[in-house]
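For clarity, every value in this text was computed on a predicted model and none was experimentally measured. If you read the sequence from its start, that first residue is 1, and numbering goes on from there.
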Amino acid sequence: MFHTAQKGRAWPGAWSGVAARCRRPAMQAALDALAWTCGLLIAGLTSGGASPLLVGPGDLVIVCAVTWTAAVLAGAVCGLYSGRYQAETGAELSAVLVSAALTGLLLEGVCQAGLPLVGDRPAAAGLAALVGVLGMITVRAAVAAVRRRPRRPAPTAVKVIVFGAGSAGTQLVQRLTGQPGAQYQPVALMDDDPGKRRLRICGIRVRGGRERLAQVAAETGARVMVIAIAGGCRDGRVIRELITLAESIGLITKVIPRVEELVAGPARIDDVRDPRITQLLGRDPIRLDLESAAAQFAGRRILVTGAGGSIGSELCRQLYGLGPASLVMLDRDESALHAIQLALHGRALLDSDEVVLADITDASRIHEVFAQTRPEIVFHTAAVKHLPLLERYPAEALKTNVIGTLNVLQAAEACGVRSFVNVSTDKAADPVSVLGTSKRITERLTAHMAGAFPGTWVSVRFGNVLGSRGSLLGSLSAQIAAGGPVTVTHPQVARYFMTATEAVQLVLQAVTVGESGEVLVLDMGDQVRIVDLARRMAAAASRRVEIVFTGLRPGEKLTEDLLGKEEPDHRPRHPLVRQVPVPALDAAEVTGIGHLTDPDEVRAALARLAAARGPEQPDGQPVLPGQPGKAEASR
């Protein structure tokens, strides 16, 4: 009885839902029929009084019934009442015209059957059709206008300037003005396209390009600028220029979601939000062709050192999807190994051979691991990387970055590795810090292996990786969350930035693109001033955050270099990837300083080995890996 009562009680709700869905198309059909009836009446009245419409009420009822039936039947056949067409589009207009033609044919057939509906003048039928079509179009335009009428925003709505009068800007304005209680109230549109200067959207007109931004903001009282630009420039130089301009006149900048998010996720066009840090780089995200590189990894035995780090873990995630025969993840951090195994498999029992707990500074242990796993491809990402700490404790850089890398290189050579990729840093270009000199030495050691053994031995240089553990942006976010102050070393200090995806793409591409003995450097666009990033991040905070300049630290450059002074900008295989040959450094020179512990002695030894040019030819040019000197070539 309980279930029966519940079922019976649900019927009224179901019927009300059906009635609500049918109400709009039924009303539209009635209005279309009324438009055609008016057309016939007007045509009949203009036919000189000979129309049977003027004879009696019975004839009028017949005419209305026939006309309504023909109009509704034609409209239904053309899909006008099924929700098939978006309002005020070319598709809907085409359907209306086809429906009108079909209605006219039906009424003409009725007339030919002996029931004259519009009198005896030939022009009367055309007039009836014209009035009917105009009525159908007018009714639809009026309904659409009513639906789009501006709604009252929230009492606390923020006045905004929408920059971009294209499709994205149009949709945003329509959503915000048509949404009752909206948190943002558009008061002006702006666009750099001169052809849109007279455009109005929902009563809001385009007020000019970016050169008038300050004037329009003052006139309208707007406090926020929403960037609504679709297409490839969403993440390029344009968006950073607009943000900089808006900040200079005191406007807070917001953006709408990317097209990919609108398509693939729950984001909506009116979900305005703060610009993401990737949109402040001043360039588009770099996409490298990995189709050819992917074939290099399927069915191969691969080993990744530093697998629990920011780059190592993302690299493992990408490699796992390429179908290697085995993927060995090596790290000295057991918690990091647990995290990456959990990310790959959804469980982390740490009981399989794919996770290896080992320290690269332990040569015998590394040789043991390589002998057991026999990798064909090695990605070496393990390193210590915090510049200030390494300036204080340079022996740690010598032990891990230099000796540890040499251990991995020698173990890889002993088991016949076919490809070896060493991850370096942009600080290795004309290095002045312990981090830079230690990583420069790893580049030269890798180049030495290229000249002495078969296979591909390459290095890759990174800038600052967004979102990496211990990264600059993570520190800024933590300081802002704590209420400040935000510490920046110098007002003009600037760095190169790249996303983790870009970094991993470069590492994978190195296997295919790189020539043995080279270092690969990604073109990362322009450097970004740290103080600009700090200001933009602080602007989104709920309270004012102070920025304090602390001065450059030992070993820190004002700006970074991607290439050294003597390194050519050579891009033979890809327009965004520089391929730079590196002078080799014999392993014996590194083992000769392995015993040093005094900080000053270690710094001096690292600087000496990083700066050495290697053996020279008679003409003074350095001998590069795999390149014989002139004396040897003459023999």
Side-chain angles (χ1 to χ4, degrees), residues 286 288-290 292-293 296-297 311 315 376-381 383 401-402 405-406 408-409 412-413 417-431 436-463 496 498 502-524 560-587 590 609-617 621-629:
I286 296 171
L288 300 177
D289 179 17
L290 295 181
S292 57
Q296 302 286 331
F297 308 116
I311 298 300
L315 185 58
E376 298 173 87
I377 303 173
V378 174
F379 295 98
H380 176 50
T381 74
N401 291 356
V402 178
T405 296
L406 180 59
V408 176
L409 285 167
E413 181 274 322
V417 165
R418 59 188 294 269
S419 295
F420 186 100
V421 181
N422 167 52
V423 173
S424 185
T425 171
D426 56 1
K427 293 175 175 57
D430 289 335
T437 54
S438 65
K439 297 302 285 184
R440 176 59 175 175
I441 292 172
T442 67
E443 294 178 358
R444 300 192 61 201
L445 288 172
T446 305
H448 168 72
M449 304 299 287
F453 303 102
T456 303
W457 306 78
V458 297
S459 298
V460 294
R461 283 182 194 161
F462 290 163
Y496 290 103
M498 64 193 310
E502 290 174 324
V504 169
Q505 285 185 3
L506 179 61
V507 172
L508 297 178
Q509 193 84 23
V511 175
T512 302
V513 173
E515 296 289 341
S516 195
E518 291 181 332
V519 58
L520 275 63
V521 187
L522 186 67
D523 186 342
M524 291 178 283
E560 295 292 354
D561 302 300
L562 294 178
L563 300 175
K565 292 183 178 64
E566 298 180 358
E567 293 179 335
D569 189 346
H570 186 48
R571 313 183 190 201
R573 305 284 292 277
H574 195 287
L576 296 176
V577 180
R578 301 176 174 95
Q579 295 179 231
V580 182
V582 179
L585 177 65
D586 192 281
V590 169
L609 294 184
R613 292 168 53 88
E616 292 188 349
Q617 302 186 48
Q621 297 298 318
V623 177
L624 301 178
Q627 172 188 3

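Every residue meeting the salt bridge (Lys or Arg N to Asp or Glu O under 4.0 Å) condition with E567, not counting sequence neighbours, appears here in chain and number order: R440, R461. With sequence neighbours left out, R573 forms a salt bridge (Lys or Arg N to Asp or Glu O under 4.0 Å) with E515. Applying the salt bridge (Lys or Arg N to Asp or Glu O under 4.0 Å) test to D569 and every residue at least two apart in sequence or in another chain returns R571, R578. Under the rule for a ring pair (Phe, Tyr, Trp, His ring centres under 6.0 Å), F462 has no partner lying at least two apart in sequence or in another chain. Applying the side chain to side chain contact (heavy atoms under 4.5 Å, CB included) rule to P572 yields the partners H570, Q579; only residues at least two apart in sequence or on another chain are considered. Partners of A383 under the side chain to side chain contact (heavy atoms under 4.5 Å, CB included) rule, at least two apart in sequence or in another chain, are N401, K439.
Test V378, V511, T456 against F420 for side chain to side chain contact (heavy atoms under 4.5 Å, CB included) and you get one pass: V378.
With values rounded to the nearest 0.5 angstrom, D430 atom CG is found 6.0 Å from D561 atom CG. Rounding to the nearest 0.5 angstrom, the gap separating the CG atom in L520 from the NE2 atom in H574 is 11.0 Å. Note: D586 CG to H448 NE2 = 4.5 Å, rounded to the nearest 0.5 Å. I441 CD1 to T405 OG1: the interatomic distance, rounded to the nearest 0.5 Å, is 10.0 Å. With rounding to the nearest 0.5 angstrom, the CG atom of D523 is 8.5 Å from the OH atom of Y496. In this structure, CG on L609 lies 11.5 Å from OG on S438, to the nearest 0.5 angstrom.
By the 30° and 60° cut-offs, the orientation of the rings of F297 relative to F379 is tilted.
The two atoms that bring L406 and A587 nearest to each other are CD1-CB, 3.7 Å, heavy atoms only. The nearest pair of heavy atoms linking P431 to A610 is CG-CB, 4.3 Å.
Annotation: side chain of T446 is not in contact with side chain of V582 (no heavy-atom distance under 4.5 Å). With contacts defined as side-chain heavy-atom distances shorter than 4.5 Å, the pair R444/P583 qualifies. At least one side-chain heavy atom of Q296 sits under 4.5 Å from a side-chain heavy atom of R418. Looking only at side-chain heavy atoms (C-beta outward), V577 and L522 come within less than 4.5 Å of each other.
With S516 contributing its side chain and W457 its backbone, the two residues share a donor-acceptor pair below 3.5 Å.
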